[in-house]
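Worksheet for the structure shown next.
Given the structure is predicted, the values throughout are model-derived calculations rather than measurements.
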Amino acid sequence: MVQAESQVFALVDVNNFYVSCERAFNPGLRGKPVVVLSNNDGCAVARSSEVKALGVAMGAPWFMLKDLAKQHGIIALSSNYTLYGDMSNRVMEILRTFSPNVEVYSIDESFVSLNGMDAMWQQRAQLGQKIRKQVLQWTALPVCVGISTSKTLAKMANHIAKKQPRFQGVCDLTSLAPADVDTILAGIDVGEVWGVGRRISEKLRAMGINTVQDLRTASPKGLRQHFGVVMERTCEELRGVSCMGLQEVAPARQEIISSKSFGELVFEFSELEEAVSQYMTRAAEKLRGQQSYCNSVNVFIHTDPFRLKDRQYSRSITVPMQDPSNDTRDLVRAAIMGLKRIYRPGYKYKKAGVVLMGLSRESTKQGTLFEESWNMQTSAAVMGALDALNKRFGRDTVKIASAASSARWTAKFENKTPHYTTDWGQLPTAFAR
DNA sequence: TCTGGGGTCCTAGGACCC
DNA sequence: TCTGGGGTCCTAGGACCC
């Protein structure tokens, strides 16, 4: 009898990523308090450990830190995302030499599958150390490694590896005695759990759930009642039951956003028009990069909510495309059309942006073809697709969410887990054209 | 004149993540 | 004076359609 093999994930995360990148190229910054600032040098988006120790929060506005900075000699750098992206790729390539199964989760962290690699716990921790050494040697970036049987626990292990020096940067929860794991998790605030933010941790605390261990031993079904299916899954994951697989190929984005705050307040339509055209050009490049077409364009503008004395204005609008398109000119035209509808003179605008929505892989031509057959056999096709999907996934678990606007059926599971989509060509032949 | 239920799309906003 | 940008998922109300 073959035992179902349990999953093992490592989460590899670069410490203070942006700051570490800067230090890799300027060793003079090592050991000094350093922050990297956002666009327009607005907020601190990365902090060295020295700066974190001073109590500077992520996203703290730089102008509020000026005094503290002077006092402690904090060095502030403008961000250089090209550099960070390049360094990120180098780290991920190194990780792929350790395991073929890597999910790049964000610019500075990856999940690495250790399934079937090393059954011996000593070797797992050693493997973690080997990864650290290799990355440091080849990129000069420090990383920590967390290892466990679910992604949520691997994230937690990574947190422990960072905070508790005795682990020396690698925490393998699978090698610890269960009682030790309980003790460690009982000492960590529930807000540190992946997926538990400020508001949810407040609610949890009101229910007497204060630590990670409290959450872990709470009833998953009870949590579902209060917080929904996502929280239930988090709880199961904390118990070591893997509910989230490795996503090795990044799925195509469902939306593409391009937006930016202005360095100076903007009044005129023409200025907004120029900004929106520019953002759309960038968004359209990303759209073509993932080989998608877009069927509607959202534009938004708003004033500065921090200027309490100013009259505030915030609007957005969605403009449908005549046909799904990835042509910059079409998309810019639609965006400007929307902008004209929502622009009001007399306000001090601080931010504008565009969102590409309704993304699909289908070209215009296929969409048109589909609509012809759609018109002829609407109800039979819908019922057929529904039946086929319900047979496949169980009675009444699937409903058709939308079908008319593209050449693609989209079905949604009732429990709101990820979309299942199928192309016309995959439907049972009885219902195909 | 009174009354309905199903559905989609849009706008807006909240919560979370990095 | 000075407060990021890019994502996902979820909810709710109103307009509009049949």
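Picking from dG4(C), dT8(C), dC16(B) the nucleotide with the shortest atom distance to the side chain of Arg198(A) gives dC16(B). Among the nucleotides dC17(B), dC16(B), dT11(B), the one closest to any side-chain atom of Asn298(A) is dT11(B). Nearest to the side-chain atoms of Asn39(A) among the listed nucleotides dA15(B), dG4(C), dT8(C) stands dG4(C). Considering only side-chain atoms of Arg315(A), the nucleotide from dA12(B), dG4(C), dC18(B) that sits closest is dA12(B). Minimum atom distance to the side chain of Ser316(A) is reached by dA12(B), of the listed dT8(C), dG5(C), dA12(B). Between dC10(B), dA15(B), dC9(C), one nucleotide has an atom nearer to the side chain of Gln254(A) than all others, and that is dC9(C). When distances are taken from the side chain of Arg282(A) to each of dT11(B), dC16(B), dG6(C), the shortest belongs to dG6(C). Of the candidates dT3(C), dC10(B), dC18(B), dT3(C) carries the atom nearest the Phe63(A) side chain, counting heavy atoms from C-beta on. The side chain of Ser106(A) has dC18(B) as its nearest neighbour among dT11(B), dG6(C), dC18(B).
Each of Ile257(A) and Tyr81(A) lies near DNA chain C, and the nucleotide nearest Tyr81(A) is the one positioned closer to the 5' end. Toward the 5' end of DNA chain C, the nearer of the two residues Lys350(A) and Arg253(A), judged by each one's closest nucleotide, is Lys350(A).
Note: Trp194(A) and Tyr105(A) have perpendicular aromatic rings, judged against thresholds of 30 and 60 degrees for the angle between ring planes.
Following rounding to the nearest Å, Lys151(A) (NZ) and dC17(B) (C1') show an atom-to-atom distance of 13 Å. Separating the OH atom of Tyr18(A) from the C1' atom of dC18(B) is a distance of 8 Å, rounded to the nearest angstrom. One interatomic measurement links the two molecules: CZ of Arg307(A) to P of dT3(C), which rounds to 9 Å at whole-angstrom precision. Look at NZ on Lys348(A): it is 17 Å from C1' on dT3(C), rounded to the nearest Å. The separation between Met321(A) atom CE and dC9(B) atom C1' is 18 Å, rounded to whole Å. Separating the NE2 atom of His302(A) from the C1' atom of dA12(B) is a distance of 13 Å, rounded to the nearest angstrom. Atom pair Leu65(A):CG and dT3(C):C1' shows a separation of 11 Å (rounding to whole Å applied). One atom, CE of Met357(A), and another, P of dC10(B), lie 7 Å apart when rounded to the nearest Å.
In this structure, Lys260(A) reaches the sugar-phosphate backbone alone: every heavy-atom distance under 4.0 Å involves primed, P, OP1 or OP2 atoms, never a base. Among the protein residues, Leu37(A) comes within range of no part of the nucleic acid, since none of its heavy atoms lies under 4.0 Å from any strand. No engagement by Ile107(A) is indicated, since no non-hydrogen atom pair under 4.0 Å with the nucleic acid exists. When heavy atoms are screened at a 4.0 angstrom cut-off, Trp194(A) is found touching the sugar-phosphate backbone but no base atom. Looking at heavy-atom distances under 4.0 Å, Glu109(A) makes contact with sugar-phosphate atoms alone, never a base. Using a 4.0 Å heavy-atom distance criterion, Asp108(A) is classed as a sugar-phosphate-only contact. Among the heavy atoms of the strands lying under 4.0 Å from Val193(A) are primed sugar atoms or P, OP1, OP2 only; no base atom is included. Ser79(A) comes within 4.0 angstrom of no nucleic acid atom, judged by non-hydrogen atoms across all strands. Val196(A) comes within 4.0 angstrom of the backbone, heavy atoms only, and of no base.
Using a 4.0 Å cut-off, no side-chain N or O of Lys155(A) falls inside it from OP1 or OP2 of dC16(B). Between Ser259(A) and the phosphate of dG6(C), there is a side-chain N or O to OP1/OP2 separation shorter than 4.0 Å. Under 4.0 angstrom from either OP1 or OP2 of dG5(C) there lies at least one side-chain N or O belonging to Ser261(A).
On the C1' atoms, dG4(B) is 15 Å away from dC17(C), given to the nearest whole Å.
For Lys260(A) and Tyr279(A), the positive end is not near the middle of the six-membered ring at less than 6.0 Å and at most 45° from its axis. Tyr293(A) does not carry Arg361(A) over the face of its six-membered ring by the limits of under 6.0 Å from the centre and within 45° of the normal.
With salt bridges taken as basic N to acidic carboxylate O contacts below 4.0 Å, none links Arg282(A) and Glu285(A). In summary, Glu237(A) and Arg233(A) do not engage in a salt bridge, as defined by a charged side-chain N under 4.0 Å from a carboxylate O.
Taking a pair to require two hydrogen-bonding distances under 3.5 Å in either a Watson-Crick or a G-U wobble arrangement, dC16(B) pairs with dG7(C).
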Take Glu50(A) and Arg23(A) through the test salt bridge (charged side-chain N to carboxylate O under 4.0 Å, His left out) and record every step on the way to the result.
CA-CA 13 Å; Glu50(A) 297 80 6; Arg23(A) 281 177 171 168; 3.1 Å; yes
Show the numbers, then the answer: is there a side chain to side chain donor-acceptor pair (under 3.5 Å) between Thr139(A) and Arg90(A)?
CA-CA 7 Å; Thr139(A) 65; Arg90(A) 289 165 66 180; over 6 Å; no
